[in-house]
Amino acid sequence: MGSETHPAAAAHADADAGARGRFDFDTVVDRRGTWCVQWDGVADRFGVDGLLPFTISDMDVMSPPVVLDALRDRVGHGVFGYTDWRQEDFLSAIRDWFATRHGTPIDTGRVVYGPSVLNQLSQLLRMWSGPGDGVVVHTPTYDGFTKAITGLRRDLRGAPVGDMDALGAQLARPDSKVLVLCSPHNPTGHVWTEGELRRIAGLAADHGVAVISDEIHADFVHTGRHLPWTGFGSGRWALITSATKAFNFPALSGSYGIIGDPDDHAEFLRRMQTAEGLASPAVLSLTAHIAAYREGAPWLDALVAHVAGNLNMLAGRLRAAFPGLGWRPPEAGYLAWIDLRPLGVGTTITDEALQRELIENEKVAIMPGTTYGSAGFVRLNVGCPRAKAELGADALIRALRRLGA
């Protein structure tokens, strides 16, 4: 990167400077003892309690003030009966967010609701494939996809990000039924270009493969522009997403989708309302979504700029410690996907040895790339105060140096 600055840091500099008085992303909020998976559940994945976590994709920042205010108002009402998501406040908030944030019109008559993006994914996989059928993903692969696909006894098939020939070969297999597209991509943070999306759409159409586009990271783009699948889909397709990721309220649950075909839309609703018994959503999720989409954009812009600063910090420290590494921040998100193979990780330095150093000596939890199918990588969450991000960067560098990197 040389002395290059992450583009988002420059693009959002004014917004960040103007928002610092209103939005605080550097005060540490103690999440321990709140049943938090990242902090209280760290031993479940890493075998040791008390580690400083840089793991699953939620952030160590408070949700937007406008969301918290809306939740307080709704709780103050005091009655929490069954709720209908098919109301104009919710649907118009989605429609206006897509129009203003992504410049994309949507048909709210094609919207569906589910308790989570992965729940929607599982329901769509049941609709569009059967046990033993092939489901294609890009590799490396978000482990939630792996669990959902293999848990439903579908055959997981991978094609490397950017390798269109490999993707075409997997989609061409006669029993490949569904492509699960992660847009932007997790864990790499790649933002798909218009040309890439058109080619993916063409390959799926050529081979009669349905597309499910998970766009939960869409609102956290640093470079390029997110282009919703609504502008590319044909045949069987669905876009599934949620405000929970960008606005940091995943514990409230809730997600929504857009399904292209009217019959598929009706079938999805039928399954959710009857077989799944999920007709009534969590009212606080609806409240949070509406407030985030209606009033949360300034907060989100400031947070994206803050995270871009964390990513720049990480890139600068890695560059100073290991000039030959050449790591660049991701195009989207707050998950730093770091290729450590130039330092020998995955070969002369095993992934297991690096994890031992991080856990036993540095007392930090950083996701190994093997979780996503790629040896020699780590995924480090910098959606946090700057001071915490610096601790993670320095711990990784010290561990690598002790291993001879």
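Side-chain atoms are counted along with the backbone in the values below, which use heavy atoms only and exclude waters and symmetry mates. Numbers here are sequence positions counted from 1.
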Partner set under ring pair (Phe, Tyr, Trp, His ring centres under 6.0 Å) for F145, not counting sequence neighbours
Y142
Does any non-hydrogen side-chain atom of Y372 lie less than 4.5 Å from one of T139?
no
Looking at CG of L340 and CD1 of I349, how far apart are the two atoms once the value is rounded to the nearest 0.5 Å?
8.5 Å
Is the closest basic N to carboxylate O distance between E194 and R198 below 4.0 Å?
yes
Only counting residues at least two apart or in another chain, list the ones meeting ring pair (Phe, Tyr, Trp, His ring centres under 6.0 Å) with Y256.
none
Is the F25-W299 ring centre distance short of 6.0 angstrom?
yes
Run the salt-bridge test on R110 and D264 with the 4.0 Å N-O cut-off and return the result as yes or no.
no
For the backbone of M59 and the side chain of N248, can you confirm whether one donor and one acceptor N or O come within less than 3.5 Å of each other?
yes
Any side-chain heavy atom of S92 within less than 4.5 Å of one from R294?
yes
L197: partners by side chain to side chain contact (heavy atoms under 4.5 Å, CB included), with sequence neighbours left out:
L181, W192, L227, W229, F232
Strictly by modelled atom types, are T287 and R74 linked by a side-chain donor-acceptor pair under 3.5 Å?
no
Measure the CZ-CD1 distance between R402 and I397 for me, rounded to the nearest 0.5 Å.
12.0 Å
Within a strict 4.5 Å, meaning less than it, do heavy atoms of the V137 and L156 side chains meet?
yes
Applying ring pair (Phe, Tyr, Trp, His ring centres under 6.0 Å), name anything that partners H207, two or more places apart in sequence or on another chain.
none
To the nearest 0.5 Å, what is the distance between CD on E390 and CG on L314?
10.5 Å
Regarding D40 and R31, does a basic nitrogen lie under 4.0 Å from an acidic carboxylate oxygen?
no
Side chains of D163 and H138: is there a donor and an acceptor less than 3.5 Å apart?
no
Does the distance from a Lys or Arg side-chain N to an Asp or Glu carboxylate O, for E88 and R95, drop under 4.0 Å?
yes
Among residues two or more places apart or on two chains, list those pairs meeting ring pair (Phe, Tyr, Trp, His ring centres under 6.0 Å) that have a residue in residues 36-70.
none
Centres of the F249 and H289 rings: under 6.0 Å?
yes
V191 backbone acceptor or donor facing E331 side chain under 3.5 Å:
yes
For residues 43-52, which residue pairs qualify under salt bridge (charged side-chain N to carboxylate O under 4.0 Å, His left out), counting only residues two or more places apart or in two chains?
R45-D143
Check whether any side-chain heavy atom of H190 sits under 4.5 Å from a side-chain heavy atom of E196, and report yes or no.
yes
Distance-only, no hydrogens or angles: does the N310 side chain make a donor-acceptor pair with backbone N or O of A389 under 3.5 Å?
no
Is it true that R199 and T193 share a donor-acceptor pair across their side chains at a distance under 3.5 Å?
no
Given the options T55, T371, N186, R379 meets side chain to side chain donor-acceptor pair (under 3.5 Å) only with N186
Side-chain heavy atoms of L335 within contact of H217, under 4.5 Å:
yes
